[in-house]
Amino acid sequence: MNAKIIDGKAFAATVRDRVAGTVERLKAEAGITPGLAVVLVGEDPASEVYVRNKGKATLEAGMNSYEHKLDADTPEPELLALIARLNADPAVHGILVQLPLPPHLDPDVVINAIDPAKDVDGFHISNVGLLGTGQKSMVPCTPLGCLLMLREHHGSLSGLNAVIVGRSNIVGKPMAQLLLGDSCTVTIAHSRTRNLAEICRNADILIAAVGRPEMIPGDWVKPGATVIDVGINRIPHPRDKGKTRLVGDVDFDSAAAVAGAVTPVPGGVGPMTIACLLANTVTACSRAHGLPEPQGLTS
């Protein structure tokens, strides 16, 4: 293994420390405590774990955490009424509705009911448009985490050739906009791209977010490139029958033999997502009160 391992867990701890420091200053200098409201509809086990972890991290950063748990059969008007109350609550600076929602609820309607200034997931159509036109917006947490890690590793990203494998609204498209904002030359590829291997080999920065386990082998990686693996896939364990293991969209061992730096799975991008949710909440709070945005926590 030649590549440097980009430790997302350690860097996420650094980001959370920055958030906590900003929260402490907001309290001391302005008498403001940032508040994050998380809405969970139903009892999906994975979502419950995510919500619990988000609430714990919010409190550890010194912020207020407001959790709203609704029954799986909650009518859409009732959920929208809750969002309207949170939009109007000055103590709530960030609102997150945990996805996926039960089938009878339209996620687009629900997400677009959130005040864009409080949309800490960055999914509201207004934030998507602002990001796409290079204006100030709330940015999706996972792409923001990738950007912060890349800046930490490279310093300036200007002029680097970046290839993103994956075109989702959650990662691929916003990631491209963020990298363009840092003056990268950006290509968005996907599973149907012709000559995908050749395109990947030209990347100084290769971001895998396609959702296919170990799809990208080491011989698709340019020597010395930085590889950011966003994929989280559970596959059968090769030696322990009946158990599974987590892998990314990149074949880690072969990529690490070629790349200059690579994120592991788990322990790479994943921990950055909650850290950037906290960062977005602090950013939203600062903007709401006309205060300077926190350094090192925004795009």
Side-chain angles (χ1 to χ4, degrees), residues 1-19 139 141-166 171-172 174-176 178-189 196-233 235 245-276 279 295-299:
M1 181 183 298
N2 299 319
K4 175 184 177 181
I5 305 303
I6 299 177
D7 188 340
K9 187 174 181 180
F11 187 54
T14 299
V15 171
R16 291 197 303 271
D17 286 344
R18 292 176 188 170
V19 169
V139 178
C141 300
T142 299
L144 178 58
C146 294
L147 180 70
L148 296 182
M149 286 195 293
L150 286 167
R151 286 175 175 171
E152 179 76 8
H153 178 69
H154 282 279
S156 173
L157 305 182
S158 180
L160 295 180
N161 185 22
V163 173
I164 303 161
V165 184
V171 179
M175 189 76 252
L178 289 173
L179 290 171
L180 285 170
D182 270 30
S183 298
C184 289
T185 301
V186 180
T187 301
I188 299 180
L196 180 57
E198 182 179 346
I199 290 171
C200 290
R201 290 189 195 106
N202 288 323
D204 303 308
I205 297 170
L206 178 60
I207 299 176
V210 71
R212 295 192 179 186
E214 301 179 324
M215 173 182 166
I216 298 176
D219 62 4
W220 289 18
V221 177
K222 178 181 179 180
T226 300
V227 179
I228 304 293
D229 192 349
V230 182
I232 301 177
N233 310 284
I235 64 172
R245 65 187 180 101
L246 288 178
V247 298
D249 293 348
V250 175
D251 179 47
F252 180 82
D253 289 341
S254 63
V258 180
V262 62
T263 60
V265 176
V269 174
M272 287 296 295
T273 300
I274 289 182
C276 287
Q295 295 297 309
L297 297 178
T298 65
S299 59

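Both backbone and side-chain heavy atoms feed into the values below; hydrogens, waters and symmetry mates do not.
- Under the rule for a salt bridge (charged side-chain N to carboxylate O under 4.0 Å, His left out), Asp251 has no partner lying at least two apart in sequence or in another chain.
- The heavy-atom pair separating Leu157 from Leu150 by the smallest distance is CD2-O, 3.7 Å.
- Here the closest heavy-atom approach between residue Val15 and residue Met272 is recorded as CG2-CE, 3.9 Å.
- For the pair Cys146 and Met175, the tightest heavy-atom approach, listed with the atom from each and the gap, is CB-SD, 3.6 Å.
- A distance-only check finds a donor-acceptor pair linking the side chain of Asn233 to the backbone of Gly248 [under 3.5 Å].
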Practice task
Just do the side chain to side chain contact (heavy atoms under 4.5 Å, CB included) check on Ser254 and Asp219 with the steps written out, would you?
Solution key: CA-CA 8 Å; Ser254 63; Asp219 62 4; over 6 Å; no
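- Residue pairs meeting the side chain to side chain donor-acceptor pair (under 3.5 Å) criterion with at least one member in residues 145-155, sequence neighbours excluded, are Arg151-Asp182, His154-Thr226.
- Applying the 6.0 Å contact sphere to CD1 of Ile232 captures no more than 12 heavy atoms from other residues, nucleotides or ligands.
- Rounding to the nearest 0.5 Å places CG of Leu148 at 5.0 Å from SG of Cys276.
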Practice task
Kindly determine whether Val262 and Phe252 satisfy side chain to side chain contact (heavy atoms under 4.5 Å, CB included), including the steps that lead there.
Solution key: CA-CA 8 Å; Val262 62; Phe252 180 82; 3.7 Å; yes
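- Side-chain N or O atoms of Asp229 include one that pairs as donor or acceptor with a backbone N or O of Asp249 at under 3.5 Å.
- Proximity of a side-chain donor or acceptor of Asn161 to a complementary backbone N or O of Asn202 within less than 3.5 Å is detected.
- Closest non-hydrogen pair, Leu297 versus Leu144, comes out as O-CD2, 3.9 Å.
- Ile199 approaches Val163 most closely through the heavy-atom pair O-CG2, 3.6 Å.
- In plain terms, the two heavy atoms of Ile188 and Gly166 that are nearest each other are CG2-O, 3.8 Å.
- Evaluation of the salt bridge (Lys or Arg N to Asp or Glu O under 4.0 Å) test over residues 6-16, restricted to residues two or more places apart or in two chains, returns none.
- Asn2 places no side-chain N or O within donor-acceptor distance of the main-chain N or O of Val258, the cut-off being under 3.5 Å.
- Under the 3.5 Å distance criterion, the side-chain polar atoms of Arg18 are matched with a main-chain donor or acceptor of Gly296.
- Proximity of Ile207 to Leu179: side-chain heavy atoms (C-beta onward) are separated by under 4.5 Å at one or more points.
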Practice task
Test Leu206 against Arg201 for side chain to side chain contact (heavy atoms under 4.5 Å, CB included), laying out the working first.
Solution key: CA-CA 9 Å; Leu206 178 60; Arg201 290 189 195 106; over 6 Å; no
Practice task
Mind running side chain to side chain contact (heavy atoms under 4.5 Å, CB included) on Val250 and Trp220 for me, showing each step along the way?
Solution key: CA-CA 10 Å; Val250 175; Trp220 289 18; over 6 Å; no
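- Taking CE of Met149 as the reference point, atom CD1 of Ile228 lies at 5.0 Å (rounded to 0.5 Å).
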